[in-house]
> 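After the structure tokens below, expect a handful of questions from me.
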Amino acid sequence: MPAFPRLAAYHALIAHARQTHLLSSAAAVLSWDQETGMPRGGGEHRSQQLSLLATLVHERTTDPRIADWIASCEADSELVASQEHSASLHGFRRDYDRATKLPAALVAELAQHESRAQQVWADARAASDFTRFRPVLERMVELQQARADCLRSASISRWDALAELSEPGMNAAELRSMFATLRPRLVTLRHNLDLEGRRPDDSFVKLEFDEGSQEQCVRAVVAAMGFDFERGRLDRSAHPFCTGSFGDVRLTTRFARDNVLDALGSTMHEGGHGLYEQGLDAAHMGTPLGEAVSLGIHESQSRLWENHVGRSRAFWQWARPVLRQHLGVSVDPFDSDSLFLASNVVQPSLIRVEADELTYDLHVMVRFELEQLLLEGDLAVRDLPTAWNQRYLEYLGVVVPDDRRGCLQDVHWSCGLFGYFPTYTLGNLYAAQFAAAARRSLPDLDSQMARGAFSALREWLRANVHVHGRRFQPEELCRRATGAPLSPEPFLSYLEAKLRAVYGCG
Ligand code: ZN
């Protein structure tokens with residue numbers, strides 16, 4: 001018997017949520033399969049499968065009994081007084097209110113269109129032909145506008161309504177002010193490196209290694225990070241990603257013969273996401289306390305491992321012999337310091353996922369600005385390539401030669417992920433703040449990393465971030481873990497100090 005009569009409602013809520021999680025996690029495996037192994041001919045069938053599962057999940061998440069269960073729980077003062085129950089209830093309330101604002105027909109059409117649009121996007125990208133993608137993107141923008149209009153009140157913008165889904169508590173005005181701090185400091189830093197610094201030798205980057213050896217190498221690195229291959233796997237896909245949680249976390253990565261650092265960075269990045277999912281508290285599976293709190297916090301975990309670990313001098317002291325073991329004698333001319341320097345070269349480029357730490361957030365700004373214009377109807381989809389190319393010239397000083405390396409490069413808009421891109425920049429800022437806090441707790445972190453000992457860092461992240469699930473809002477989680485609210489300052493100080501050292505600026 002439950003301790004309080006109304007705990008019966010709480011238990012009903014949990015049991016219902018767990019079953020919904022089983023359904024949605026089945027959809028996630030099908031989505032993973034679509035990107036990794038599904039034959040082309042399976043596309044139409046798969047979009048119908050995913051649409052049906054999305055409809056079933058939506059039916060369950062809008063079940064009117066949920067409202068009754070939540071109301072019973074909220075009326076129970078003892079239950080609400082428990083921090084754990086209260087945080088969980090807050091999550092259930094938020095999810096239910098959000099789900100019931102969306103009509104079932106829109107949810108089904110979105111799921112079907114997202115699955116179809118991904119196929120069309122992949123073909124259009126391969127052919128570098130935006131006109132093929134244009135009609136499905138036009139429909140996608142209409143569907144996202146409809147979705148935002150269902151979710152928002154009159155006082156908030158469409159973009160803010162969608163952003164709230166990825167990053168609770170964040171809005172375009174705050175992001176604009178964050179970018180207004182970041183942009184001039186990043187531009188000045190780049191200018192100073194050009195003026196006073198020496199560009200490091202990055203000839204290592206151009207060496208060719210077969211994909212099988214690269215794969216052995218990145219597997220060794222994510223295993224050392226503590227990614228549990230008994231509860232996860234690593235496969236290949238066009239665009240690296242991570243899906244799943246707890247006992248079945250799926251990472252993907254990609255290899256190019258002439259870019260081993262890209263494979264290493266991408267795999268460490270997805271490995272960081274994977275550690276978060278493996279580090280959630282399994283006792284809360286399927287409920288708000290067993291879910292990642294936001295995409296910005298999720299991205300902080302990936303960027304921390306990719307950049308604060310994978311692009312650090314200490315990491316390369318350990319990783320250089322690992323590379324030598326798997327990649328062979330071509331590594332011999334490069335010592336650990338030269339690999340550290342090569343991994344930190346700043347080079348404005350066309351592709352976001354390959355960007356260095358300095359220019360990365362400028363790529364995000366381009367998408368953030370264009371997406372707001374698209375959603376508000378101030379930019380027609382047909383004009384997207386031109387608007388994209390103009391901004392790349394202005395912000396990054398690069399000429400976009402074709403759509404494949406321009407507005408077709410990211411999968412997000414075809415997947416229906418609008419209001420999402422700035423979480424990448426938030427991830428960079430949170431990562432720097434978490435890394436600085438972890439260093440204060442672990443003063444010998446560099447000597448640990450230099451011998452491949454990553455467990456203290458991983459456990460710090462687990463205890464301060466992973467295990468909490470959605471117990472705290474992102475802002476509170478950040479304050480608890482680091483002692484301060486989110487600020488661009490730790491990121492800018494870290495980057496300025498590291499890159500000035502890499503470029504040998506006084
Ligand atoms: Zn990521």
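Read the numbers this way: they start at 1 and go in the same order the structure lists the ligands and their atoms. We use all heavy atoms of the structure for the numbers below, so side chains are in, but hydrogens, waters and symmetry mates are not. If you read the sequence from its start, that first residue is 1, and numbering goes on from there.
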> Can you list everything that forms a side chain to side chain contact (heavy atoms under 4.5 Å, CB included) with Ala223? Sequence neighbours excluded, please.
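Scan of Ala223 (side chain to side chain contact (heavy atoms under 4.5 Å, CB included), adjacent residues dropped) gives Phe229.
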
> Is the NZ or CZ atom of Arg303 positioned over Tyr360's six-membered ring, under 6.0 angstrom from the centre and within 45° of the axis?
yes

> Just say parallel, tilted or perpendicular for the rings of Phe204 and Phe209, cut-offs at 30° and 60°.
tilted

> Going by the side chain to side chain contact (heavy atoms under 4.5 Å, CB included) test, name the single residue among Val141, Leu408, Leu379 that passes it with Leu384.
Leu379

> Would you kindly check if the NZ (Lys) or CZ (Arg) of Arg480 is within the cone defined by 45 degrees around the ring axis of Phe472 and under 6.0 Å from the six-membered ring centre?
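Geometry flag: set, cation within 6.0 Å and 45°.
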
> Please list, in chain and residue-number order, the protein N/O/S atoms closer than 2.8 Å to the Zn ion (ligand 1).
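Those protein N, O or S atoms (cut-off: under 2.8 Å from the Zn ion (ligand 1)) are His269 NE2, His273 NE2, Glu299 OE1.
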
> Would Arg367 pass as a cation-pi partner of Tyr420, given that its NZ or CZ must be under 6.0 Å from the six-membered ring centre and within 45 degrees of the axis?
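The answer is no; the distance or angle limit is not met.
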
